[in-house]
Every structure is written in C-alpha cells, then in structure tokens.
2 protein chains.
Amino acid sequence: MSQVMGGGRRRPGRAVTMNDVAAAGVAQSTVSRILNDTPAPIPVSPETRERVLKIARELGYRPHPIARALRGAPTMLLGAIVRDITDPFFAGAVEALVLEAKAHGYSVVLGHARAAEDEALALTAVLEARQCDGIVLLGDFRAEQRLVEDLSSGHAHVVGLWHGTSRDHPFPTVGVDNRAGVRAALAHLRGLGHERIAFVGAESLGDQHDRLAAYQESMDEHGGMPSSCFLQRVSNTIEAGSGALALLLEAEPRPTAVLAATDALALGLLHGAYQLGVRVPDELSVVGFDDIPWSSASVPPLTTVKMPIAEIIATGVALCVGEGAWDGEGAPPQQVFQPQLIERLSTARAEQAALSG
Amino acid sequence: MSQVMGGGRRRPGRAVTMNDVAAAGVAQSTVSRILNDTPAPIPVSPETRERVLKIARELGYRPHPIARALRGAPTMLLGAIVRDITDPFFAGAVEALVLEAKAHGYSVVLGHARAAEDEALALTAVLEARQCDGIVLLGDFRAEQRLVEDLSSGHAHVVGLWHGTSRDHPFPTVGVDNRAGVRAALAHLRGLGHERIAFVGAESLGDQHDRLAAYQESMDEHGGMPSSCFLQRVSNTIEAGSGALALLLEAEPRPTAVLAATDALALGLLHGAYQLGVRVPDELSVVGFDDIPWSSASVPPLTTVKMPIAEIIATGVALCVGEGAWDGEGAPPQQVFQPQLIERLSTARAEQAALSG
DNA sequence: TTGTACGCGTTATCAT
DNA sequence: ATGATAACGCGTACAA
C-alpha cells in the first residue's frame with residue numbers, strides 16, 4: 001500500500017471541516033449525520049454514506065473538539081490544581097490521577113498554584129477551569145479564599161483531595177485518616193520500646209496539620225514531650241528533613257525515634273543521619289508517612305504509613321466525572337480512607353539504641 | 001462589605017454571557033469592546049463603560065475560553081505526551097515543563113501514551129492535540145508511527161524532547177549529548193582506576209539507546225568487556241536495577257564499577273547492594289545518569305551525569321509557543337545541550353575495591 | 001459613540 | 001433520504 005496517506009494539504013494551517021467534505025455535493029448537515037452516525041430514526045442511503053465517508057477519509061477530516069465543546073459537548077478535560085508539583089507525594093498523586101482519568105476517557109490539565117495569595121493566579125486557574133468538566137484540588141487551598149469561591153461558582157464539579165479534616169469546604173472531599181495513621185506509627189514505635197519520639201513536620205494546612213495534632217494528642221496521653229527540640233517545624237523537602245536531624249540530636253536526652261509527617265522529610269532524615277554518621281535503625285528509628293515509591297528503595301528501606309492513593313484518586317475522579325456525584329443539596333460529603341502501616345527496616349527495638357548510645 | 005458576592009444564579013448551570021450583560025440596555029458588541037478594552041480607535045463613553053463594567057461584575061461574568069478559541073484565539077494549552085509518567089525522570093521533566101509553560105502563560109495538558117502500539121490511543125492523543133497550541137513529546141515515539149504522523153499533520157507546533165540522536169524526526173528536537181555524558185562518566189571511573197566497568201540500561205529507544213551505544217564504543221576502545229554479565233538490559237525501574245545487581249556480582253572477575261543508564265536504575269543498584277551487603281563505594285562504585293532530585297539525597301549520595309533539564313525544557317517551550325519556532329522549511333533543527341558530571345559519594349578509587357574484594 | 005451582522009465548526013430541528 | 005437554518009459565545013468589520 002504505497003498510497004499517499006492522510007490527505008492533501010499539510011501546512012496550509014486551516015483544518016478540514018465538514019463543509020470541505022460537503023463541497024463534494026451534499027449538505028454539511030448530512031455529513032454531520034453520517035460521520036456521527038446519528039441513531040436509527042434518521043436514515044441515510046448507503047451510497048451517499050459510502051461516498052461521504054470516502055471523501056472524509058481522503059481529505060483527512062477530523063472533528064473539531066472546540067466547536068463541539070461550544071455546542072455543549074463535554075471537553076473530557078479534568079483540571080488538577082496542585083500547589084507544589086515539586087512535592088514528590090503530589091507528583092505521585094498526579095500520576096495516579098492521570099492514569100485514573102484516562103480510564104474514564106479524560107485527560108488532565110495541570111493548573112498551577114504556586115505563589116500563595118496571588119489574586120491574578122486565581123483568575124488564571126479559573127480561566128482554565130471553564131474548559132474543564134471537573135476540577136480536582138490536590139491539597140488544601142483554604143488559604144486561597146478567592147480561588148475557592150471562583151471555583152465553586154463555576155459549573156464544573158469540584159472535589160478536594162487530601163484536605164484534612166476541616167468541615168467547612170464548599171465541595172466534597174476525599175482524604176485519609178491522618179489520626180489513625182499517626183497513632184499506628186506511634187503504637188509501632190512504642191511496641192519497639194521507644195518513648196522519646198520526636199516529630200518533624202511542615203508548616204502547612206490540611207493533612208500535615210492533622211498529623212501534628214494527632215502526634216501531640218498521643219504524646220500528651222503518654223506523658224508529653226521530653227524537650228522542645230522534639231518538635232521540628234520545617235518546609236516539606238528532603239533538605240529540610242536532612243537539616244532537622246542535626247537539631248534533633250541536640251536534645252538532652254536524645255530521641256530514640258522520629259516520626260516524619262511525610263516520606264520526603266523521612267528520607268531527608270535518613271540522608272542527614274548518614275552524613276552525621278548516625279546509624280539507622282541501630283541508633284535512631286525513623287518512620288515516614290505516605291509510602292512514596294522511593295521509600296521502599298531507600299537505604300535502609302523506610303517504615304512508613306501507606307497512603308491509599310488509588311482509592312482516594314478513584315473516588316475523587318468518580319465524583320468529578322459525575323458518577324457518584326454530589327447533587328449539590330445539603331452538606332458536601334466527606335469521605336475518609338484508612339492508611340496502613342508498612343514495617344520495613346528503618347525501625348528497630350529501642351534497646352539497641354540505648355546500647356549504642 | 002457584607003454584600004452578596006459573585007452574582008445571582010449559582011447552580012442553574014448556564015454561565016453568564018455577554019448577552020446577559022448586554023440585556024441591561026446596550027449591544028453585545030459594546031460589551032465585548034468594553035470588557036476587552038479594544039484599542040483607542042474605537043472610543044466608548046465613560047458612562048456606559050462604568051455601567052457595563054458594574055453589571056458584568058454583579059452578574060459575575062467570565063469569558064468563555066472555548067468560544068474565544070473557536071474564533072481563532074490561542075487556547076494557551078500545551079499538550080505533553082509522555083510514555084510513562086511513572087518514570088521519575090519524566091515526572092521531573094513534567095514539573096519543569098509546567099513551570100516553564102506557566103512563565104509563558106500556558107497550561108499543560110497531559111496526554112497519555114502508555115500501551116505502546118495502540119491505535120485508538122493515537123487518536124485520543126490527537127484529539128487532545130486539536131485543542132492545544134503546541135505539543136511536547138517527552139521521549140522517543142518513533143515506534144508509534146501513526147501517532148507521529150497524525151501529530152505532524154495537525155496545525156500545532158510539535159517539538160520532540162529527549163529523542164536521542166536520530167535524524168529522521170519530522171519536527172524539531174531538543175536533547176542532551178548522551179555520548180558526552182557517558183564518556184565523562186567512564187573517564188571519571190577510569191581516572192579512579194576502574195577497568196572492569198559494567199553497564200545497566202533499559203531496552204528502549206532514544207536516549208537510552210544512545211547511552212548504551214556510547215558505552216559499547218568506549219569499552220571497545222579500551223579492550224572490550226570482560227564478560228557478558230557486564231551488560232544488563234532491564235526495564236527502567238528501581239526494582240529492575242536492584243535485581244540487576246545480583247547478576248552483576250556473578251561475573252568472574254567482578255566489575256568494580258557500574259554505570260547505569262538512568263538514576264532510577266542507579267538508585268536500584270544502591271538498594272540492591274545494601275540488601276546483599278555490598279558496600280558502596282568501597283566494594284563497588286556506581287554512577288547514574290540524569291541527576292533526579294533523589295540522587296543527591298540517596299545513601300550514599302549518587303555520582304551522576306546532570307541533565308540540563310531547564311535549558312532543554314525552556315528551548316522546547318519556546319519552540320512550541322512560536323518564539324524560536326521552526327518555519328517548516330528544510331530539515332527540522334536539532335538542538336543538543338551538554339550534560340555535566342556531578343561527583344558525589346557513590347564512586348571511589350578502585351584500589352579500595354581490590355583490597356576489600 | 002453605539003448598534004447590526006457575520007463567521008468560527010458543530011449539532012439539532014425544522015422543512016422538504 | 002436530504003437540504004436549509006438556527007443556535008452555542010465571542011470578536012470585529014461595517015453601518016448608523
């Protein structure tokens with residue numbers, strides 16, 4: 001088959017329209033009917049059908065999604081607004097979102113929401129939103145009031161993922177039980193004999209906030225924290241985790257274990273320990289939260305709380321594409337999934353720490 | 001200011017149009033002129049201007065990007081087609097792309113191209129393409145003939161990033177000098193006294209292919225490979241890297257160093273070595289390629305070849321948004337940037353390996 | 001200074 | 001069985 005493929009004009013810019021096809025002797029509306037094979041009630045003669053299809057193929061006709069969208073067809077676009085795509089956890093979430101959206105026939109357009117309180121930015125995000133059938137908020141955007149307002153006044157379904165436990169969101173949310181995760185991690189450490197357990201977390205809304213609160217609550221129940229050093233508030237990066245470790249070691253007495261609010265921080269702690277010659281888990285146990293892909297391949301492999309990403313994403317997408325959609329009446333639903341502790345090699349019995357300390 | 005914000009109807013679905021605004025006594029075209037403040041030649045009386053602006057605000061008017069796009073306005077959407085968003089390097093590239101696109105006022109829509117030779121998929125990707133002002137191909141898609149054809153027959157600017165050194169792409173490409181990177185890595189290792197240098201790479205087109213070729217070329221110049229084990233071809237994942245290490249250790253004599261085609265594989269090697277009790281770099285030196293964020297925080301920190309991501313993305317975006325755009329005449333330009341070796345702690349002198357082996 | 005009319009590419013509802 | 005025609009929301013040349 002050495003035929004010339006894909007029709008004539010290459011560069012002339014203008015795309016092939018139904019009119020171009022119709023120019024061969026039929027009405028444009030007929031072309032439309034044939035190309036979309038409109039249901040039975042409207043019949044078309046086999047001959048014209050063949051003829052039109054042939055011409056369309058030769059000309060390389062392809063439908064114009066924008067024109068369709070103007071007529072009310074769904075754009076099959078899902079908007080994802082994420083504060084910091086650099087955050088490894090959210091990067092992973094976006095991956096999962098893209099895959100899940102694809103399964104529903106949707107593509108994902110990435111909104112940007114970096115600079116915190118930028119009004120113009122909110123408008124940008126909303127502009128994008130108009131083209132999307134649904135909006136997925138990755139992380140808590142309560143701080144961006146304007147954005148949230150604009151969004152929920154639009155026509156697209158909005159859903160908030162990983163928005164913590166706050167009850168005042170104007171749209172449905174899906175998240176994880178942070179409290180349960182933190183308590184599982186702490187129980188694990190206590191089961192290994194640890195009592196001086198430190199916490200490293202980011203200054204942030206939503207999930208991070210909830211994890212800190214759960215930590216403090218649990219520590220209070222067990223006699224409180226030995227020293228102020230035990231609570232390090234840093235930005236959510238590897239470097240920050242690495243840096244936090246040095247401060248943790250200054251405490252008297254030292255912590256024997258650290259719970260990090262995210263795996264990024266935990267991996268940073270691991271790296272910091274390596275730099276300072278502190279052996280993990282012999283001298284210090286480390287637990288993370290999220291179970292991002294790298295955590296299983298770190299040295300040593302990280303004990304962490306596994307986030308049910310797939311379930312959360314799947315539920316969120318379903319809400320967005322209108323399957324389990326909220327009818328808009330009453331309070332928006334808030335769904336919570338359970339995390340699961342994954343025990344790997346970054347935690348060990350506290351006795352060992354005592355011996356080597 | 002306790003006014004009701006954002007105009008009347010919330011849920012009624014139908015968005016506020018210029019006609020709705022015009023209903024207050026002016027023509028729709030007047031509204032258009034005012035809202036887009038058309039250049040000087042067409043003046044508008046200050047009173048009507050104020051009045052229209054006020055009403056528009058009250059009604060919560062917002063422009064309909066799809067209608068604009070239909071009239072020929074750019075969609076400000078950049079399509080990114082990436083084979084495997086799960087690949088940490090490409091995930092990072094997408095981050096960079098989103099940021100760079102934002103700087104130009106563009107948003108990024110993520111196409112999916114997972115299952116290799118799927119025809120339907122090609123169509124999907126193209127469908128998305130119609131809405132985009134430009135298409136960025138992340139990685140080599142030569143295998144997907146149909147997709148490449150459809151793409152280049154569209155009206156959007158297409159640019160291929162990280163497409164290796166092949167000369168037969170129908171669009172401009174921007175990439176890295178893989179050969180230089182590999183030779184720098186090997187020179188570094190040889191400078192440390194290594195001779196038995198193994199290679200682990202993925203079965204793949206484009207960059208990966210070039211890296212393997214460069215390795216073989218260089219090894220031939222230096223007397224060839226000691227054993228077939230020295231070349232492991234695996235999939236591009238941490239796990240695969242981890243698994244490859246075991247096979248590498250079966251070689252007689254053992255390699256004293258390994259060059260991985262990507263950082264993901266290299267980090268896998270590090271993890272595999274940890275599991276098997278092989279000390280890095282004392283017993284084995286490891287070099288990666290890409291310098292993904294985790295490589296600087298691994299244990300030990302990874303010596304690797306730094307990919308000039310920012311430059312490549314910036315050049316690609318410029319090509320796409322029409323700044324340094326190709327005029328379509330003659331052979332499409334191929335731009336290549338130089339990588340840079342980053343020496344960290346996963347490599348050391350070969351003598352140490354000999355002593356401990 | 002402002003209003004009318006047309007077209008972008010489709011789909012849907014009329015007539016023929 | 002098929003052709004004309006009206007939207008969809010917007011920008012703009014043209015008329016008033």
Side-chain angles (χ1 to χ4, degrees), chain A residues 12-53 55-56 59-76 126-127 129-131 133 154-155, chain B residues 12-53 55-56 59-76 126-127 129-131 133 154-155:
Chain A
R14 231 181 56 64
V16 179
T17 77
M18 283 191 175
N19 253 321
D20 299 335
V21 178
V26 304
Q28 177 261 334
S29 57
T30 306
V31 177
S32 174
R33 283 194 282 258
I34 295 177
L35 261 32
N36 304 316
D37 44 30
T38 312
I42 291 97
V44 210
S45 93
E47 302 109 45
T48 35
R49 157 174 245 96
E50 285 310 316
R51 197 154 54 94
V52 167
L53 283 177
I55 302 185
L59 257 42
Y61 167 81
R62 282 200 310 251
H64 196 316
I66 295 188
R68 285 183 161 167
L70 186 60
R71 299 246 346 134
T75 59
M76 303 311 272
V126 169
L127 223 67
R130 290 288 279 108
Q131 324 205 28
D133 298 336
H155 72 297
Chain B
R14 231 182 56 61
V16 179
T17 77
M18 283 191 175
N19 255 321
D20 298 335
V21 178
V26 303
Q28 173 258 328
S29 59
T30 305
V31 177
S32 172
R33 285 193 280 257
I34 295 179
L35 262 33
N36 305 315
D37 45 32
T38 311
I42 290 98
V44 210
S45 92
E47 303 108 44
T48 33
R49 155 173 248 96
E50 285 311 315
R51 197 155 53 93
V52 167
L53 284 177
I55 303 185
L59 256 42
Y61 169 82
R62 283 201 308 254
H64 195 316
I66 295 188
R68 284 182 161 169
L70 187 60
R71 283 204 40 88
T75 58
M76 303 311 272
V126 169
L127 223 67
R130 292 288 278 108
Q131 323 204 29
D133 298 336
H155 73 299

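In what follows, chains carry the letters A, B, and so on, assigned in the order in which the sequence lines appear, proteins first and then strands, with residues in each chain numbered from 1. All values derive from a computational prediction rather than experimental measurement.
- Taking atom CD on A:Gln131 and atom P on D:dG9, their separation rounds to 15 Å, with Å as the unit.
- Distance from the side chain of B:Leu70 is smallest for C:dG9 among the nucleotides C:dG9, D:dG3, D:dC10.
- Within the nucleic acid shown, B:Ser29 comes within 4.0 Å of at least one base atom, counting heavy atoms only.
- The phosphate of D:dG11 (OP1 or OP2) has a side-chain N or O of B:Ser32 nearer than 4.0 angstrom.
- Look at CD1 on A:Ile66: it is 16 Å from C1' on C:dT11, rounded to the nearest Å.
- For A:Thr48 against A:Ser45, the heavy-atom pair with the smallest separation is OG1-OG, 2.7 Å.
- At least one side-chain nitrogen or oxygen of A:Thr48 sits closer than 4.0 Å to the OP1 or OP2 atom of D:dT2.
- In this structure, B:Met18 and A:Val26 both approach DNA chain D, and ranking their closest nucleotides by distance from the 5' end singles out A:Val26.
- Sequence order on DNA chain C of the closest nucleotides to B:Pro46 and B:Ala67 puts B:Pro46 first from the 5' end.
- In this structure, B:Ile34 atom CD1 and C:dT1 atom C1' are separated by 11 Å, rounded to whole Å.
- We find that NE2 of B:His64 is positioned 19 Å from P of C:dC8, with the value rounded to whole Å.
- With hydrogens and angles left out, the side chain of A:Arg71 and the base of D:dG9 share no donor-acceptor pair within 3.5 Å.
- Between A:Ile66 and B:Ala69, the shortest heavy-atom contact is CD1-CB, 3.5 Å.
- Using a 4.5 Å cut-off on side-chain heavy atoms (C-beta onward), A:Asn36 and A:Arg68 make contact.
- Counting only heavy atoms from C-beta outward, the side chains of B:Asp133 and B:Met76 approach each other to under 4.5 Å.
- Backbone-only contact: B:Asn36 has heavy atoms under 4.0 Å from sugar-phosphate atoms and none from a base.
- Remark: P of D:dT2 and CZ of A:Arg33 are 8 Å apart, rounded to the nearest angstrom.
- Comparing C:dT2, C:dT4, D:dG11 by their closest approach to the side chain of B:Arg68 singles out D:dG11.
- Going from atom CG of A:Asp20 over to atom P of C:dT10 covers 9 Å, rounded to whole Å.
- Remark: of the listed residues B:Asp37, B:Thr30, B:Leu35, B:Asp37 is the sole one forming a side chain to side chain contact (heavy atoms under 4.5 Å, CB included) with B:Arg49.
- The nearest whole Å value for the distance from the CG atom in B:Asp37 to the P atom in D:dG11 is 12 Å.
- In this structure, B:Asn19 places its CG atom 12 Å from P of C:dG3, rounding to the nearest Å.
- Residue contacts shown for A:Ser45 are limited to sugar-phosphate atoms, with no base heavy atom under 4.0 Å away.
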